[in-house]
Amino acid sequence: MKNYSIKTYEEAVQVIEQVGFLPLAPLVKEFPALNTITAPETWHSDTEYDPWIWRTRFAVECVAGYGKFIKKKSVLISRDLLPYFKAVLGSYETVEERYQKGNVSREALTLYRIISEEGVIDTRELRTLAGLRDKEHKKIFDNALLELQGTMDIVISGIKEKMNAEGAKNGWSSTAFETFDSWASRNKIEAIAVEKDKAREYLLNHFQGVVSENAVKKLKKILGE
């Protein structure tokens, strides 16, 4: 396996395109992660070399899909591999259909309906519209977001800056969400008709060519061996 060490956003794009899957932090042993292939001092440096800034730029520029798709951890998935990951992690049934079967929580359904209607919506507004703004509802809200990301029904599509009345940045920025279908359509990523087993086989064959055998074994479990 190649040992990656990068400094720039452009180099990160190349890694994502070559490997196809890049967690922000270590997720699979002997597998690259964004914070292991970049220098620690560059993180949160608020410079062009800050990987924390890059993470949403990847999604905005459609270099990769971004979200907590795997084990509730933030990962980046290349354009080429996204449809295959979607086939493995997602479902051919709609969120509504899965809810009717008891496979989706009421809170996740509510959030999905709002995100679908709004197109792109930031976390603050989403919590407000869902009636989950109070502190005691934060865990419920967070779990519903994780649920929808884990099945790739939604993606992180960027961030929204918090502004004051004068239009100046004021406080922390907020994550913006969009349905996977909407984001993929905007960025011309076509869905593929492939069975889950075939998609999983395709992904594992790809990774066998870029990472170690031990890493592939771990990926087999993650992808549902």
Side-chain angles (χ1 to χ4, degrees), residues 21-28 33 55-56 58-59 64-77 81-160 173-187 189 191-192 194-197 199-200 203 218-225:
F21 172 68
L22 188 66
L24 263 63
L27 182 63
V28 178
R55 77 195 197 287
T56 48
F58 295 128
Y66 173 43
K68 294 183 177 180
F69 305 135
I70 306 286
K71 290 189 172 183
K72 302 179 181 181
K73 303 297 183 182
S74 297
V75 300
L76 297 153
I77 302 174
L81 296 191
L82 262 176
Y84 296 94
F85 269 96
K86 174 67 170 172
V88 173
L89 302 176
S91 172
Y92 288 110
E93 295 181 321
T94 67
V95 175
E96 299 274 352
E97 289 170 340
R98 280 176 274 148
Y99 172 73
Q100 294 299 327
K101 293 182 178 181
N103 297 325
V104 172
S105 68
R106 181 182 298 275
E107 293 79 13
L109 176 63
T110 297
L111 296 190
Y112 185 79
R113 285 174 171 171
I114 294 170
I115 296 169
S116 297
E117 184 174 335
E118 296 294 322
V120 178
I121 184 170
D122 74 278
T123 306
R124 295 187 189 93
E125 186 177 2
L126 181 58
R127 284 185 70 176
T128 299
L129 292 179
L132 298 172
R133 189 76 182 185
D134 296 339
K135 287 184 179 180
E136 60 265 30
H137 293 144
K138 185 179 187 303
K139 186 175 182 179
I140 295 172
F141 176 79
D142 290 344
N143 285 340
L145 281 179
L146 287 172
E147 183 180 344
L148 291 171
Q149 290 175 84
T151 47
M152 293 184 71
D153 289 302
I154 64 172
V155 299
I156 296 172
S157 61
I159 57 173
K160 183 176 180 180
S173 58
S174 180
T175 302
F177 288 94
E178 185 173 358
T179 67
F180 177 91
D181 290 342
S182 171
W183 184 85
S185 177
R186 281 198 303 106
N187 291 291
I189 297 174
I192 57 173
V194 60
E195 295 179 358
K196 182 174 291 190
D197 288 344
R200 180 175 173 275
L203 291 172
K218 293 291 185 181
L219 287 166
K220 282 182 180 180
K221 294 181 179 180
I222 288 176
L223 296 174
E225 185 176 26

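FYI, the numbering just counts along the sequence from 1.
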- Is the shortest heavy-atom distance from the side chain of F141 to the side chain of L111 under 4.5 Å? yes

- Message: How close do L129 and E118 get, counting heavy atoms only, and between which atoms?
- Response: CD1-OE2, 4.0 Å

- Spacing of K86 atom NZ and I77 atom CD1 [to the nearest 0.5 Å]: 11.0 Å

- From E125 atom CD to R133 atom CZ, the distance as rounded to the nearest 0.5 Å: 10.0 Å

- When rounded to the nearest 0.5 angstrom, what is the spacing between CD1 in I156 and OG1 in T56? 9.0 Å

- Looking at A87 and K196, what are the two nearest heavy atoms and their distance? O-CE, 3.6 Å

- Message: Does any part of the side chain of L89, heavy atoms only, come nearer than 4.5 Å to the side chain of I70, both counted from C-beta?
- Response: yes

- Query: So do the side chains of R98 and T151 get within less than 4.5 Å of each other, counting heavy atoms only?
  - Reply: yes

- Query: Is the closest side-chain heavy-atom distance between E93 and V104 below 4.5 Å?
  - Reply: no

- Task: For residues I114 and L126, report the shortest heavy-atom separation together with the two atoms involved.
- Result: CG2-CD1, 3.6 Å

- E147 versus S105: any side-chain heavy-atom pair under 4.5 Å? yes

- Steps toward side chain to side chain donor-acceptor pair (under 3.5 Å) verdict (T179, D181): CA-CA 5 Å; T179 67; D181 290 342; 5.8 Å; no

- Just by distance, do the side chain of T175 and the backbone of T123 share a donor-acceptor pair under 3.5 Å? no

- Task: Calculate, to the nearest 0.5 Å, the distance between atoms CG and CZ belonging to L148 and F69 respectively.
- Result: 11.5 Å

- Student check: side-chain heavy atoms of P23 and K73 closer than 4.5 Å: no

- Which value, rounded to the nearest 0.5 Å, describes the distance between L223 atom CG and D197 atom CG? 11.5 Å

- Go through the steps to decide whether V155 and F180 satisfy the test side-chain contact (heavy atoms from CB on, under 4.5 Å), and finish with yes or no. CA-CA 6 Å; V155 299; F180 177 91; 3.7 Å; yes

- Query: If every non-hydrogen atom of F177 is compared with every non-hydrogen atom of S157, which pair is closest and at what distance?
  - Reply: C-OG, 4.0 Å

- Heavy-atom pair with the smallest gap, counting every atom of E178 and G119: CG-O, 3.2 Å

- Query: Counting only N and O atoms by type, is there a donor-acceptor contact under 3.5 Å from the side chain of D122 to the main-chain atoms of R124?
  - Reply: yes

- Query: What do the steps show when you test I189 against W183 for side-chain contact (heavy atoms from CB on, under 4.5 Å), and what is the final call?
  - Reply: CA-CA 8 Å; I189 297 174; W183 184 85; 3.5 Å; yes

- Message: Just verifying a value: how many Å separate L145 CG and I140 CD1, rounded to the nearest 0.5 Å?
- Response: 12.5 Å

- Message: Would you say the rings of F21 and F85 are close, in the sense that their centroids are separated by under 6.0 Å?
- Response: yes

- Query: Quick one: does E107's side chain get under 4.5 Å of N143's, heavy atoms only?
  - Reply: no

- Take atom CD in E117; do more than 12 heavy atoms of anything else shown fall under 6.0 Å from it? no

- Is it true that a side-chain atom of R127 and a backbone atom of L132 form a donor plus acceptor pair closer than 3.5 Å? yes

- Which atom pair, heavy atoms only, marks the closest approach of A25 to A33? C-CB, 3.5 Å

- Kindly check if the number of other-residue, nucleotide or ligand heavy atoms within 6.0 Å of CD (E195) is above 12? no

